[in-house]
*Asks:* 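Below is one structure. I have some questions about it.
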2 protein chains.
Amino acid sequence: MTQQKGEFGTEKTREAALAEIANRIFFRLYQSANMMHKTGTRALDEFGVTTQQWAVIGALSRPQAEDGLSVGDLARFLMVSRQNIAGVVTRLEDQGCLERLRDSNDGRSRRIRLSERGRELWRAIRPAIHEYYDEALAGFSFEDRTALLTGLNRLLDNMKRL
Amino acid sequence: MTQQKGEFGTEKTREAALAEIANRIFFRLYQSANMMHKTGTRALDEFGVTTQQWAVIGALSRPQAEDGLSVGDLARFLMVSRQNIAGVVTRLEDQGCLERLRDSNDGRSRRIRLSERGRELWRAIRPAIHEYYDEALAGFSFEDRTALLTGLNRLLDNMKRL
DNA sequence: CGATTTATGTCAATATATTGCCTATATGGG
DNA sequence: CCCATATAGGCAATATATTGACATAAATCG
């Protein structure tokens with residue numbers, strides 16, 4: 001209750017200022033992520049791809065994922081629950097963008113890979129993604145970008161431990 | 001398709017490096033926001049309050065909102081859809097944390113205010129919120145915090161125009 | 001080799017989020 | 001006064017997200 005007797009606007013203490021800035025950071029994080037999902041999904045509207053599907057397709061298109069990833073692998077990589085990824089994967093599978101293969105080595109696991117259609121979709125949406133990045137980061141210098149990335153990295157590392 | 005012929009790791013072009021950093025920024029934004037909702041809701045678990053409910057209660061606890069806000073006001077302030085806010089408000093109303101009053105001036109509008117129980121809840125959760133901020137931003141200097149806030153502000157402003 | 005633990009995937013319930021569509025109320029010009 | 005338009009809120013459909021609970025398969029330990 002540090003702000004109980006704080007006089008805002010006139011003689012704000014350093015501690016109160018820190019709390020105020022922290023509050024704004026998390027509020028902006030909340031708004032920014034929502035805005036990213038909204039505008040990002042809108043940018044890929046003609047392809048019928050949401051930002052989460054974009055993230056999954058992007059993860060599967062990496063060279064390291066060429067021979068497929070399990071639901072658990074995807075969940076760890078994206079830092080979301082297995083149950084969440086399962087839904088996205090099912091919808092992408094229904095669209096024919098990826099295929100689930102039983103892993104012959106591990107009867108529990110199913111390896112998920114991009115289908116040919118999924119690879120075509122990835123090639124198709126990449127220019128739109130590139131354009132979206134350019135517009136969303138317009139006016140950001142190289143240093144501005146690395147500074148923002150570093151801040152988010154540190155924040156994420158802290159929250160991972162909570 | 002700037003990265004078609006790019007040689008990663010050896011002779012990366014400036015353009016490819018910018019795209020790579022942009023990709024990481026939005027991926028970290030996605031992960032950070034999810035992690036914030038997960039750890040933030042966990043931090044307030046004993047109060048049964050989610051991060052979105054926290055945002056709504058926080059918005060209504062501001063002095064400017066003393067005589068209530070409409071659903072539309074809340075939606076504009078939090079930058080989410082009215083339909084989304086309506087659900088959060090209904091759940092908070094069911095818990096008795098806030099009250100909806102018909103606006104006598106405008107038959108369409110309903111002014112939403114914190115109830116006494118809502119104000120008690122806000123006072124109860126503020127120490128936990130403060131502690132959460134401290135842990136999530138551990139190691140961030142004053143300058144680190146303002147830099148991150150500035151970056152998020154600029155990014156949000158850009159996305160608002162898309 | 002059998003029992004416990006661990007990993008994987010799925011089902012269910014709940015809470016956010018979006019867009020699209022609808023009704024009711026207010027406001028403005030003819 | 002009346003109709004066109006704009007605004008406020010609500011209903012429905014869909015897609016993310018979480019946690020909890022469960023079944024099954026694999027690994028590990030005694």
Side-chain angles (χ1 to χ4, degrees), chain A residues 29-45 47-57 68-76 78-95 97 100-112 159 162, chain B residues 29-45 48-57 68-76 78-95 100-112 159 162:
Chain A
L29 181 58
Y30 168 82
Q31 293 174 310
S32 297
N34 280 341
M35 198 59 77
M36 173 185 68
H37 288 304
K38 185 158 43 179
T39 59
T41 297
R42 199 146 47 198
L44 299 185
D45 190 42
F47 306 101
V49 174
T50 67
T51 47
Q52 291 85 352
Q53 293 170 2
W54 153 10
V56 168
I57 295 173
L69 294 178
S70 69
V71 169
D73 291 334
L74 277 168
R76 276 182 292 272
L78 300 177
M79 294 187 191
V80 293
S81 64
R82 299 190 317 277
Q83 296 91 323
N84 177 14
I85 290 297
V88 181
V89 164
T90 297
R91 283 183 285 274
L92 284 172
E93 193 183 19
D94 290 347
Q95 295 171 30
C97 294
R100 263 191 182 103
L101 302 172
R102 303 198 82 90
D103 189 326
S104 49
N105 290 26
D106 189 337
R108 299 168 298 182
S109 190
R110 285 154 188 73
R111 307 212 71 76
I112 297 157
M159 290 192 292
L162 293 184
Chain B
L29 181 58
Y30 168 82
Q31 291 174 313
S32 297
N34 280 343
M35 198 60 77
M36 173 185 69
H37 288 304
K38 185 158 43 179
T39 58
T41 298
R42 198 144 50 197
L44 299 185
D45 191 41
V49 174
T50 67
T51 46
Q52 291 86 352
Q53 293 171 3
W54 152 10
V56 168
I57 295 173
L69 294 178
S70 69
V71 169
D73 291 335
L74 276 168
R76 275 182 292 272
L78 300 177
M79 293 186 191
V80 295
S81 63
R82 298 189 320 276
Q83 295 91 327
N84 178 15
I85 291 296
V88 181
V89 164
T90 298
R91 282 182 285 274
L92 284 172
E93 192 182 20
D94 291 346
Q95 294 172 28
R100 261 193 184 101
L101 303 172
R102 304 197 81 91
D103 190 325
S104 49
N105 290 25
D106 188 337
R108 298 167 299 182
S109 190
R110 283 153 188 75
R111 307 213 70 78
I112 297 156
M159 289 192 293
L162 293 183

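Residue numbers start from 1 in every chain, and the chains themselves are labelled A, B, ... in the order their sequence lines are given, proteins ahead of strands.
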*Asks:* Report which part of the nucleic acid A:Ser109 touches: base, sugar-phosphate, or nothing (heavy-atom distance under 4.0 Å, all strands).
*Replies:* sugar-phosphate
*Asks:* Minimum heavy-atom separation for B:Thr50 to B:Thr41, with atom names?
*Replies:*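 What the structure gives for the nearest pair is CA-OG1, 3.7 Å.
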*Asks:* For B:Ser70 and B:Asp73, which I'm curious about, is there any donor-acceptor pair between the side chains at under 3.5 Å?
*Replies:* yes
*Asks:* Across the strands shown, which category fits B:Arg42 at heavy-atom distances under 4.0 angstrom: base, sugar-phosphate, nothing?
*Replies:* sugar-phosphate
*Asks:* Classify the side chain of A:Arg108 and the base of C:dT8 as holding, or not holding, a donor-acceptor pair under 3.5 Å.
*Replies:*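 Check fails, no donor-acceptor contact within cut-off.
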*Asks:* Can you tell me the distance, in whole Å, between the CZ atom of B:Arg111 and the P atom of D:dA8?
*Replies:* 11 Å
*Asks:* Mind calculating the distance between CD1 (B:Ile112) and P (D:dG10) to the nearest angstrom?
*Replies:* 8 Å
*Asks:* Would you mind reading off the distance between B:Met159 atom CE and C:dT18 atom P, rounded to a whole angstrom?
*Replies:*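 Taking CE of B:Met159 and P of C:dT18, I get 13 Å after rounding.
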*Asks:* So, OP1 or OP2 of C:dT16: does either fall under 4.0 Å of a side-chain N or O from B:Asn84?
*Replies:*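 For C:dT16, neither OP1 nor OP2 has a side-chain N or O of B:Asn84 closer than 4.0 Å.
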*Asks:* Starting at CG of A:Leu162 and ending at C1' of D:dT18, how long is that distance when rounded to a whole Å?
*Replies:* 17 Å
*Asks:* To the side chain of B:Gln52, which of C:dT16, D:dG10, C:dT18 is closest?
*Replies:* C:dT16
*Asks:* Respond yes when some side-chain nitrogen or oxygen of B:Ser81 is under 4.0 Å from OP1 or OP2 of C:dT18, and no when none is.
*Replies:*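 So the side chain of B:Ser81 is within the cut-off, an N or O lying under 4.0 Å from OP1 or OP2 of C:dT18.
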*Asks:* Any idea which of C:dT16, C:dT10, D:dG10 is nearest the B:Arg91 side chain?
*Replies:*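 Closest nucleotide among those given: C:dT16.
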*Asks:* Considering heavy-atom distances to DNA chain C, does B:Ile85 or B:Gln95 have its closest nucleotide positioned more toward the 5' end?
*Replies:* B:Gln95
*Asks:* From the options D:dT16, D:dG10, C:dG9, select the nucleotide whose nearest atom is closest to the side chain of A:Arg110.
*Replies:* C:dG9
*Asks:* Ignoring backbone atoms, establish whether B:Gln83 has a side-chain N or O less than 4.0 Å from OP1 or OP2 of D:dG10.
*Replies:* no
*Asks:* Is any N or O donor-acceptor pair between the side chain of B:Arg82 and the base of D:dG10 shorter than 3.5 Å?
*Replies:* yes
*Asks:* Just checking A:Arg100: does its CZ atom have more than 12 heavy atoms from other residues, nucleotides or ligands closer to it than 6.0 angstrom?
*Replies:*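 Yes, enclosed.
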*Asks:* Shortest non-hydrogen contact from B:Gln53 to B:Val88?
*Replies:*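 Where B:Gln53 meets B:Val88 most closely, the heavy atoms are CG-CG1, 3.9 Å.
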*Asks:* Taking CZ from B:Arg102 and C1' from C:dA26, how many angstroms apart are they, rounded to a whole number?
*Replies:* 14 Å
*Asks:* With no hydrogens and no angle check, is any side-chain donor or acceptor of B:Arg111 less than 3.5 Å from a backbone partner on B:Ser109?
*Replies:* no
*Asks:* Specify the separation, in whole Å, of atom CZ of A:Arg76 and atom P of C:dT6.
*Replies:*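 In whole Å, C:dT6 P lies 15 Å from A:Arg76 CZ.
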*Asks:* Give a yes/no answer on whether the side chain of B:His37 brings an N or O atom under 4.0 Å of OP1 or OP2 in D:dT16.
*Replies:* no
*Asks:* Round to the nearest Å and state the distance from A:Tyr30 atom OH to C:dA17 atom C1'.
*Replies:* 9 Å
*Asks:* If we only count heavy atoms from C-beta on, is the A:Tyr30 to B:Gln52 side-chain gap below 4.5 Å?
*Replies:*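 Of all side-chain heavy-atom pairs linking B:Gln52 with A:Tyr30, at least one is under 4.5 Å.
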*Asks:* For A:Ser70, report the nucleic acid contact type (base, sugar-phosphate, nothing); a contact means any heavy atom under 4.0 Å.
*Replies:*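 Contact class for A:Ser70: sugar-phosphate only.
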*Asks:* Could you check A:Asn34 against A:Asp106 and say which one's nearest nucleotide on DNA chain C is further toward the 5' end?
*Replies:* A:Asp106
*Asks:* Give A:Arg100 one of three labels, base, sugar-phosphate or nothing, depending on what nucleic acid heavy atoms sit under 4.0 Å from its own.
*Replies:*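 The answer is sugar-phosphate, as A:Arg100 gets under 4.0 Å only of primed atoms, P, OP1 or OP2.
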*Asks:* Can you measure B:Met36 atom CE to D:dT18 atom P for me and round it to whole angstrom units?
*Replies:*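 In whole Å, D:dT18 P and B:Met36 CE are 13 Å from each other.
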